[in-house]
Amino acid sequence: MGLAYATPGIDLSKATMGIKASPGAAKAGEVTFSVKNDSKDTVHEMIVMYLADPSKPLPYLDAENRVDEDRAGDKGEVSELDPGKSGTLTVELKAGKYLLICNVPGHYGAGMWAEFTVEP
């Protein structure tokens with residue numbers, strides 16, 4: 001745990017989970033994410049979070065071991081994908097920094113996030 005975004009001194013080589021964004025950027029406007037859960041045995045999801053201040057961590061609910069989606073800037077998600085399943089999400093995004101996270105309890109803190117940039 002402790003591998004959440006903006007954690008001081010974070011060492012992602014210790015991450016037990018992750019998200020790969022390819023490409024890692026898109027132009028502002030309508031953006032479509034094609035999401036595949038490559039896990040063989042774990043349900044995952046992908047949530048797009050807008051980072052109003054990229055230097056600050058997302059608000060976290062310690063008791064629930066997950067990000068507070070209501071306070072964090074949730075722009076949309078591909079909910080609970082079973083192992084090997086895929087889904088898509090199309091959202092209108094303005095220029096800025098975003099974070100793609102899995103908010104299944106414990107996954108974000110285990111390093112399951114990726115930065116994503118939306119360019120003007």
Side-chain angles (χ1 to χ4, degrees):
M1 300 308 294
L3 297 174
Y5 183 74
T7 301
I10 190 168
D11 179 1
L12 284 177
S13 68
K14 294 180 171 51
T16 56
M17 296 185 178
I19 289 180
K20 291 181 198 140
S22 179
K27 291 280 186 199
E30 192 174 90
V31 178
T32 299
F33 294 91
S34 297
V35 182
K36 181 167 194 281
N37 180 356
D38 286 335
S39 173
K40 300 208 180 327
D41 57 11
T42 305
V43 171
H44 292 295
E45 64 184 1
M46 192 276 308
I47 302 174
V48 180
M49 297 283 187
Y50 175 68
L51 294 173
D53 183 347
S55 68
K56 292 191 175 165
L58 295 177
Y60 201 73
L61 300 167
D62 288 320
E64 297 179 25
N65 205 15
R66 63 184 193 84
V67 171
D68 183 341
E69 294 175 26
D70 295 333
R71 291 180 39 230
D74 182 346
K75 297 296 178 193
E77 66 184 81
V78 176
S79 298
E80 289 81 22
L81 284 173
D82 288 328
K85 299 296 182 188
S86 298
T88 59
L89 169 69
T90 300
V91 286
E92 195 71 31
L93 299 177
K94 65 181 182 179
K97 291 280 188 190
Y98 293 80
L99 208 57
L100 309 178
I101 73 166
C102 178
N103 208 23
V104 170
H107 292 194
Y108 171 73
M112 196 159 187
W113 54 267
E115 293 178 327
F116 188 78
T117 302
V118 176
E119 301 163 342

State the [atom1]-[atom2] distance between [X] and [Y], to the nearest 0.5 angstrom.
X	Y	atom1	atom2	result
His44	Leu81	NE2	CG	9.5 Å
Ser86	Asn37	OG	CG	8.5 Å
Asn103	Leu61	CG	CG	8.0 Å
Ser39	His107	OG	NE2	8.5 Å

Same cluster for [X] and [Y] if Ile/Leu/Val/Met/Phe/Trp/Tyr side chains link at under 4.5 Å?
X	Y	answer
Leu100	Val78	yes
Ile101	Ile10	yes
Leu12	Val67	yes
Leu93	Leu99	no
Tyr98	Leu58	no

Does anything in [range] form a ring pair (Phe, Tyr, Trp, His ring centres under 6.0 Å)? List the pairs, not counting sequence neighbours.
range	result
residues 6-29	none
residues 66-94	none
residues 9-29	none

Can you give the donor-acceptor pairs under 3.5 Å from side chains of residues 109-120 to other protein atoms, not counting sequence neighbours?
| residue | atom | partner | partner atom | Å |
| --- | --- | --- | --- | --- |
| Trp113 | NE1 | Leu3 | O | 2.7 |
| Glu115 | OE2 | Tyr5 | OH | 3.1 |
| Thr117 | OG1 | Lys97 | NZ | 3.2 |

Would you please name every residue forming a side chain to side chain donor-acceptor pair (under 3.5 Å) with [X], sequence neighbours left out?
X	value
Thr90	Thr32
Thr42	none
Glu77	Ser79

Quiz: residues 13-30 side-chain donor-acceptor pairs under 3.5 angstrom, not counting sequence neighbours:
| residue | atom | partner | partner atom | Å |
| --- | --- | --- | --- | --- |
| Ser13 | OG | Asp11 | OD1 | 2.5 |
| Ser13 | OG | Asp11 | OD2 | 3.2 |
| Lys14 | NZ | Asp11 | OD2 | 3.0 |

Can you give me every donor-acceptor pair (side chain of residues 49-57, partner residue at least two apart or in another chain, under 3.5 Å) with its distance?
| residue | atom | partner | partner atom | Å |
| --- | --- | --- | --- | --- |
| Asp53 | OD1 | Ser55 | N | 3.0 |
| Asp53 | OD1 | Ser55 | OG | 2.6 |

inquiry  = How close do Ser34 and Thr88 get, counting heavy atoms only, and between which atoms?
reply    =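 Closest heavy-atom pair between Ser34 and Thr88: OG-CG2, 4.0 Å.
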
Sequence-distant partners of [X], salt bridge (Lys or Arg N to Asp or Glu O under 4.0 Å), two or more places apart:
X	value
Glu80	none
Asp38	Lys36
Asp74	none

Would you indicate whether the side-chain heavy atoms of [Y] and [X] approach each other to under 4.5 Å?
X	Y	value
Tyr108	Arg66	no
Val48	Leu89	yes
Tyr60	Asp68	no

task = Please report the C-alpha distance between Asn65 and Asp62 in whole Å, then the side-chain angles of each, then the deciding distance to 0.1 Å, and finally whether the side-chain contact (heavy atoms from CB on, under 4.5 Å) criterion is met.
result = CA-CA 5 Å; Asn65 205 15; Asp62 288 320; over 6 Å; no

